[in-house]
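Order of the sequence lines sets the chain letters (A, B, ...), proteins ahead of strands, with each chain counted from 1. Because the structure is a prediction, the values reported are computed rather than measured.
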Amino acid sequence: MIIANAVCKRYSEGLTALRDVSFAIEDGEMVFITGHSGAGKTTLVRLLAAIERPTSGSIIVNGQNLASLRRGAIPYLRRNFGLIFQDQKLLFDRSVLDNVLLPLAIIGLAPKEAARRARAALDKVGLQAREKAFPIALSGGEQQRLAIARAVVNRPAILLADEPTANLDSDTAADILDIFQAFHQVGVTVILATHDPQWMKHLGPRVLRLEHGRLSGADGDAL
Amino acid sequence: MRQFLHQHATAWRDALRRLGASPLNTILSLIVIGTALALPSAGWVVLDNLRGLTDGASGVQQISIFMVAEAGKKDVAEIESRLRETKAVNWRFVSREEALKRLQASEGMAEIIASLPRNPLPDAFIVEPADTRAETLEAMAKSFSAWPKVAHVQLDSAWVRRFNAFLRIGKLSLTLLASLFAGALVAVTFNTIRLQILAQSAEIEVAKLIGATNTFIRRPFLYFGALQGALGGLFAALLVGSGAYLLAEPLAELISLYGQDFSPHGLSAVGVAALTAVGVTLGWLGAILSVAIHLRRFD
């Protein structure tokens, strides 16, 4: 359960990225955050993942208020999330398998069990045959799938993706969205930020629409 | 607990991978660290050997009393009786003939002695006081020199004391040198870790975003610092050891020419272990400082 209440985010340069944003996301929901570029989608994603803190208001994830979270508690909060970034943040000096192993090394999983789980995650995104390849050798769609594999290998309860289909052709984007849909169907909360409206009809998720930092006309349950 | 062990194993693997990833840098760092540790420890080995050289002599505190050359049996008897009255001393008389014989037995002296027209040596007493404190010895030497027909009184411990003072200065300079090099070693590790953090900023950033704690991120760098320090320490031990090995034979030969029995020694196993431990400690320290400063920007 994620609850945002009257969230504001102002940057020191005087830019207000989010104003008075409130919503609730139930466990297992699939939610799209949409809006034009600059509407505050990325800021909202960063606030949800505790990469930044709100200027005012509260964000509660699994009962913890991110606005007042101790610095030392942030890593443990992040382990609830599978994060997929706009720029993917893959490690280009490591093989596909090693990229997926990183989250498991962080939690200290035994190497054998970790390798088994990493291969299972690669299997889910259709990259099992490329585990020895390096990310540079992958296509854009494959790189995005690798980013998803790394995000889900920890079996997170919440998948949080920022523009996961940007820079992909529509067939590849549809493949990627099918993968998210599959995780949604097995009970994972999926939150996608996207500026691309064509997928919403296709998947029929709940939509939170941001306009100039405000939640506007969304069919979300504004509190 | 098992997770903890796996995390540490991962950190060690990372540290080793980073050491192996740039062999040239690793070798250069090891040369710098090894040299920085080798120089003071070589100095220490030299001082330790010198101390061994004086060990035999330093315990004996003697006062030699030399009579004037024309002193007769009566004068000698006078000194003998005075010495008998002096409490708490052992003494023996070395006649001028006996002294000459001893000198002839010494290395290289026989020819010189043979060329002399007459015995130039005086009668002498060697006094070993029970109380060997410096003040007592000096007071005694002073009173002896006032006795009749005494030409010269020599405190034989003086050279040992001078030598020990020299050793003390040596030790002190060595300590200063060692602290300088310790600082250099910390700086080298500091910089190596700084470069590594720069090179791995992508990895550190991603790891933090997906739930790595600061401890997890710091650990491989600390292990790296310690490991590099340990290898540097072993390298230093190798340098000092081979130096001692190469010098041992010519040095023993040189000293035997002076009629001394002396075998120089290098580093003991304890010394090697201590050198490694110093390397580990300083490397760890450099890594801690570097990580504390350079990982801040990822917060």
So which of A:Ile51, A:Leu83, A:Ile107 has the biggest tally of heavy-atom pairs under 4.5 Å with chain B?
-> A:Ile107
For A:Ala105 and B:Thr10 the tightest heavy-atom approach is CB-CG2, 4.1 Å
Would you say the side-chain atoms of B:Gln7 pair up with the backbone N or O of A:Ile106, donor to acceptor, closer than 3.5 Å?
-> yes
Audit row: A:Phe85, B:Leu209, side-chain contact (heavy atoms from CB on, under 4.5 Å) steps and yes/no = CA-CA 10 Å; A:Phe85 308 96; B:Leu209 283 174; 3.5 Å; yes
Interchain contact, B:Arg219 with chain A, by part (heavy-atom threshold 4.5 Å) = neither
Rounded to the nearest 0.5 angstrom, the CD1-CZ distance for B:Ile210 and A:Arg79 is 10.0 Å
Does A:Asp123 CG have over 12 foreign heavy atoms under 6.0 Å away?
-> yes
Structural part of B:Thr213 lying under 4.5 Å from a heavy atom of chain A | both
Check the surroundings of atom NE2 in A:His36: do more than 12 heavy atoms from other residues, nucleotides or ligands lie under 6.0 Å from it?
-> no
Step through the shown structure and confirm whether more than 12 heavy atoms of other residues, nucleotides or ligands are within 6.0 Å of CZ on A:Arg10.
-> no
Which one, A:Pro103, A:Ala110, A:Ala114, leads in non-hydrogen pairs under 4.5 Å with chain B?
-> A:Ala110
With only heavy atoms counted, which part of A:Phe92 is less than 4.5 Å from chain B, the side chain, the backbone, both or neither?
-> neither
Interatomic distance, A:Lys112 atom NZ to B:His6 atom NE2 [nearest 0.5 angstrom] = 10.5 Å
Around atom CD of A:Gln185, are there more than 12 heavy atoms of other residues, nucleotides or ligands at under 6.0 Å?
-> yes
Taking everything shown except B:Phe298 itself, do over 12 heavy atoms lie less than 6.0 Å from its CZ?
-> yes
What's the spacing between A:Leu91 CG and B:Gln200 CD if we round to 0.5 Å?
-> 9.5 Å
Evaluate the side-chain proximity of A:Pro75 to B:Lys208: yes if any heavy-atom separation is below 4.5 Å, no if none is.
-> no
